[in-house]
2 protein chains.
Amino acid sequence: MKRENPDLFGAASNERDVGIARTKSRDNAREQDSRLSFEGRLTRGLLNSVGNPPIRVTLWNGESIFTATSNPVADMRIANRSCLLKMLINPELYFGDAYCNGSIEVDGDLVKLIEAVYQGLARVRSTGLRSRLSKWLNHGHVNTLSDSRENIHHHYDLGNEFYKLWLDLQMVYTCAYFSSPDITLEQAQIAKMDHVCRKLRLRPDETVVEAGCGWGAMALHMATQYGVRVKAFNISHEQIDYAKARAHALGVEHRVEFIEDDYRNVNGRFDVFVSVGMLEHVGREFYPELRRVIYRCLDDNGRGLIHSIGRNQPNPFNPWIERRIFPGAYPPSLREMLEVVEDWDFSVLDVENLRQHYALTLKHWLQRFENASSRVKEMYDECFVRAWRLYLAGSIASFNTGDMQLFQVLFARGTSNDIPWTRAYLYN
Amino acid sequence: MKRENPDLFGAASNERDVGIARTKSRDNAREQDSRLSFEGRLTRGLLNSVGNPPIRVTLWNGESIFTATSNPVADMRIANRSCLLKMLINPELYFGDAYCNGSIEVDGDLVKLIEAVYQGLARVRSTGLRSRLSKWLNHGHVNTLSDSRENIHHHYDLGNEFYKLWLDLQMVYTCAYFSSPDITLEQAQIAKMDHVCRKLRLRPDETVVEAGCGWGAMALHMATQYGVRVKAFNISHEQIDYAKARAHALGVEHRVEFIEDDYRNVNGRFDVFVSVGMLEHVGREFYPELRRVIYRCLDDNGRGLIHSIGRNQPNPFNPWIERRIFPGAYPPSLREMLEVVEDWDFSVLDVENLRQHYALTLKHWLQRFENASSRVKEMYDECFVRAWRLYLAGSIASFNTGDMQLFQVLFARGTSNDIPWTRAYLYN
């Protein structure tokens, strides 16, 4: 952006902008004051507290409240007084529950509505609401061996049939890599696996250990396309069974061993360590243990890659996601993520942020989910459908607005010179 | 590396290897015991304390001590007892001083000798020597405005004539980018500037602020090759004068403004923030101040890049380098480096480690320096020549052995979606 007279204090000017918005919304507010009920004024307070997003809120009594200066992106209908009160106490948690049980309805684009809220929250980030929530949420994550098993079971053992309805053919439930935005989800998941394999420079007959292998797509891709031998760990029983069956069908059981066990029980030495989408479930208090595992199992010229959802700043998941969708999960900031490789002698070679790719991945998933929603409703119930719709839509909004990141961290033994000269080989 | 029976405990097996080496050197030692003088045994202890590198040490009395199992890469001659004793007290600091005043002579490849020491130290890193040194060195760095000026003057105001003797034509005194190892230093410095400009996706008429601009090559390259307008800050008087003269010669004073001032006095708002080779001199205690400067001056869709020498783990410069060559300098670990962008809402998009490129850059510099050494001796003295030879050779060894890293960190405002879809554009 060209500027003839640069403004001296960026931060200050941002605050001014917010200030202006606030003043205008206060004017709206005064006009409304005369006719607004007590609940209406509470609703206006709620909208103020999340930065006055362009959302129209309609109450059970027909009152309509709108505090933004731009046009509304969507309408939110609150069914009753108790729902409004719970929203006032803990909006980030209760919005999810209320949406699922139908006491909140959204007319218009759910993703745009949530994006508007994230953008509003970004404007008022400095205020107490979020930091209070963060502090409160930072307690109570436990990921001991048994708890991890329970947490993972909660999400990943919902039944392979359910995930088959909306994931790609290979059942890859992590961020895809869209070399170009218009390729299919199937192509983008294969491109992601190749992107990871090329970053790791896999050579035939090298040994790989994978921590958190999902339904086994990556391990099988590495073995069949790069000729390596893989030991893949996962504590989800249903996923391991599925992966073993695929290995058998592909006739590569001799090259890929799927092990139903925790990453903390990985042993042996390997040329390569890879973990895609597991760190979110490890829990920060166990990063040192993960580091010990990697240090122990990585060969002298070993390389490693960790792929994880992350944050720009330390901040837990949205409480509703963390409680209802991913118990015990935490998206680390990049600095927190690097605790896994720093301090012991690893060398970080490459970090890539793929947040836009995750937004697009989720967009594909939501589309497929909606096409299968009647089947999902048969398998579970309407509330389940609404919960997953909200989780997928909310995640799109998080990655689109920069609330969430996706980091791939490539590293090697600190003393190894078996490292690429440039990254051109990834793109030629 | 293919392994039929992976060894269960990598770390343990490393220790075993070291153990074997130690046993062998103990055998050597026992053989030698009978004939070694007291000083000879002290020398053996010194070699043990740095991991028994393959270096033969010859004393003033003609005794020769060698504790490694492989062949010696170089010979080190110690001229007198006081030199040996100082080496025992503080080898990392005194080796440099002794080499400069000639009480230590090296026969053979100086780079290989230092690499052997770094590799030895890596084997005994866990022992006290290094960490004690680190703790001791972590105190006393002061980089207030006035001290920074003094520290920078110490190194960068040696005289442009001196640097002209061995830098590239554009006087770029930071790590180059060798798109291929066989291009010239001149080509590699231009490639580095283009690599940075492309990472930042400069567009014509955008505004750039550069913190620590050296002799101005990057600012001038950005303005002449990418059509942007640059404000470039540097506290080295000689460098700023040189840069202004070049801007005048190139007729771009209207697009590039060179300002003799500290980064902390940067004001205004810009599309791009860039700093190449300054962070090493900022001092960790001032990272929050640098972060405030970046936050204040970066536009809503602003991008930034910080290029700095770094470490895999927090660790100060070699004390001799820090005291005699770069007073007040500190190479941050990547996590320490990220303190500059994390916590306030920036998003890290890309991190690249170019340590091998710095080793090659330094190799070019050393070669050119040796070709000009007689001229340097005329300008200064023999001790100065030996100090700079040691600094350049030691730096090659540091980057070759993984003791030092070179990080480029690309970031953007956390809420900006003006970010590249993939990194392919950097390589096509």
Side-chain angles (χ1 to χ4, degrees), chain A residues 1-3 6-11 13-14 119 122 125 178-179 181 205-207 267-271 295-301 312-313 333-335 338-339 342-353 355-356 400-402 405 407 414-417 419 421-424 426-428, chain B residues 1-3 6-11 14 119 122 125 177-179 181 205-207 267-271 295-301 312-313 333-335 338-339 342-353 355-356 400-402 405 407 414-417 419 421-424 426-428:
Chain A
M1 211 163 94
K2 184 172 175 178
R3 284 176 172 271
D7 166 355
L8 282 181
F9 295 97
S13 95
N14 289 346
Q119 282 152 355
R125 182 176 286 107
F178 293 83
S179 43
D205 289 326
E206 282 192 318
T207 55
N267 60 38
R269 295 200 90 198
F270 305 87
D271 300 303
Y295 195 84
R296 184 175 80 209
C297 76
L298 208 55
D299 221 327
D300 296 347
N301 280 328
N312 289 341
Q313 305 161 286
S333 78
L334 184 53
R335 273 178 69 208
L338 292 177
E339 289 170 10
E342 202 170 290
D343 304 331
W344 289 25
D345 197 19
F346 293 115
S347 185
V348 175
L349 304 179
D350 180 4
V351 177
E352 185 174 19
N353 186 336
R355 77 167 162 93
Q356 292 173 309
N400 268 341
T401 56
Q405 316 296 315
F407 295 116
T415 51
S416 167
N417 276 336
I419 55 183
W421 183 256
T422 75
R423 304 184 301 199
L426 289 174
Y427 302 94
N428 299 345
Chain B
M1 211 163 87
K2 185 173 175 178
R3 286 177 171 269
D7 165 353
L8 282 181
F9 295 96
N14 290 345
Q119 283 152 354
R125 181 175 286 108
Y177 179 74
F178 292 84
S179 43
D205 289 325
E206 281 192 319
T207 56
N267 59 38
R269 294 201 90 197
F270 305 86
D271 300 302
Y295 194 83
R296 181 175 82 206
C297 75
L298 208 55
D299 222 325
D300 295 346
N301 280 329
N312 290 341
Q313 304 159 286
S333 77
L334 183 54
R335 273 176 70 207
L338 292 178
E339 289 171 10
E342 201 170 290
D343 304 332
W344 290 24
D345 196 20
F346 293 116
S347 185
V348 175
L349 303 179
D350 181 4
V351 177
E352 185 174 20
N353 186 337
R355 76 167 161 93
Q356 291 174 310
N400 269 340
T401 57
Q405 316 296 315
F407 295 116
T415 50
S416 168
N417 277 336
I419 56 182
W421 184 256
T422 76
R423 305 184 300 198
L426 290 174
Y427 301 96
N428 300 343

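Letters go in sequence order (proteins before strands), and every chain restarts at 1. Because the structure is predicted, anything quoted here is derived from the model rather than measured.
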*Asks:* So do the side chains of A/Asn312 and B/Glu342 get within less than 4.5 Å of each other, counting heavy atoms only?
*Replies:* no
*Asks:* Has the side chain of B/Thr207 got a donor or acceptor atom that lies under 3.5 Å from a matching backbone atom of B/Asp271?
*Replies:* yes
*Asks:* If you count heavy-atom pairs within less than 4.5 Å of chain A, which of B/Tyr427, B/Phe178, B/Phe407 leads?
*Replies:* B/Tyr427
*Asks:* B/Arg269 side chain to B/Leu298 main-chain N or O, any donor-acceptor pair under 3.5 Å?
*Replies:* yes
*Asks:* Under 4.5 Å from any heavy atom of chain B, what part of A/Glu339 do you find: side chain, backbone, both or neither?
*Replies:* both
*Asks:* Please determine, among B/Arg335, B/Gln119, B/Glu352, the option with the most heavy-atom pairs under 4.5 Å with chain A.
*Replies:* B/Arg335
*Asks:* Below 4.5 Å from any heavy atom of chain B, which atoms of A/Gln405 appear? Answer side chain, backbone, both or neither.
*Replies:* side chain
*Asks:* Counting N and O atoms only, with roles assigned by atom type, does the side chain of A/Asn417 sit under 3.5 Å from a partner on the main chain of B/Asn400, one being a donor and the other an acceptor?
*Replies:* yes
*Asks:* Heavy-atom distance under 4.5 Å to chain B: side chain of A/Thr401, backbone, both or neither?
*Replies:* backbone
*Asks:* With a 4.5 angstrom heavy-atom cut-off, could you sort out which part of A/Arg355 is near chain B: side chain, backbone, both or neither?
*Replies:* side chain
*Asks:* Could you go through the side-chain contact (heavy atoms from CB on, under 4.5 Å) check for B/Val351 and B/Leu334 one step at a time?
*Replies:* CA-CA 9 Å; B/Val351 177; B/Leu334 183 54; 4.0 Å; yes
*Asks:* Give the intermediate values and the outcome of side-chain contact (heavy atoms from CB on, under 4.5 Å) for residues B/Asn353 and A/Asp350.
*Replies:* CA-CA 6 Å; B/Asn353 186 337; A/Asp350 180 4; over 6 Å; no
*Asks:* Where does A/Leu426 contact chain B at under 4.5 Å (heavy atoms): side chain, backbone, both or neither?
*Replies:* side chain
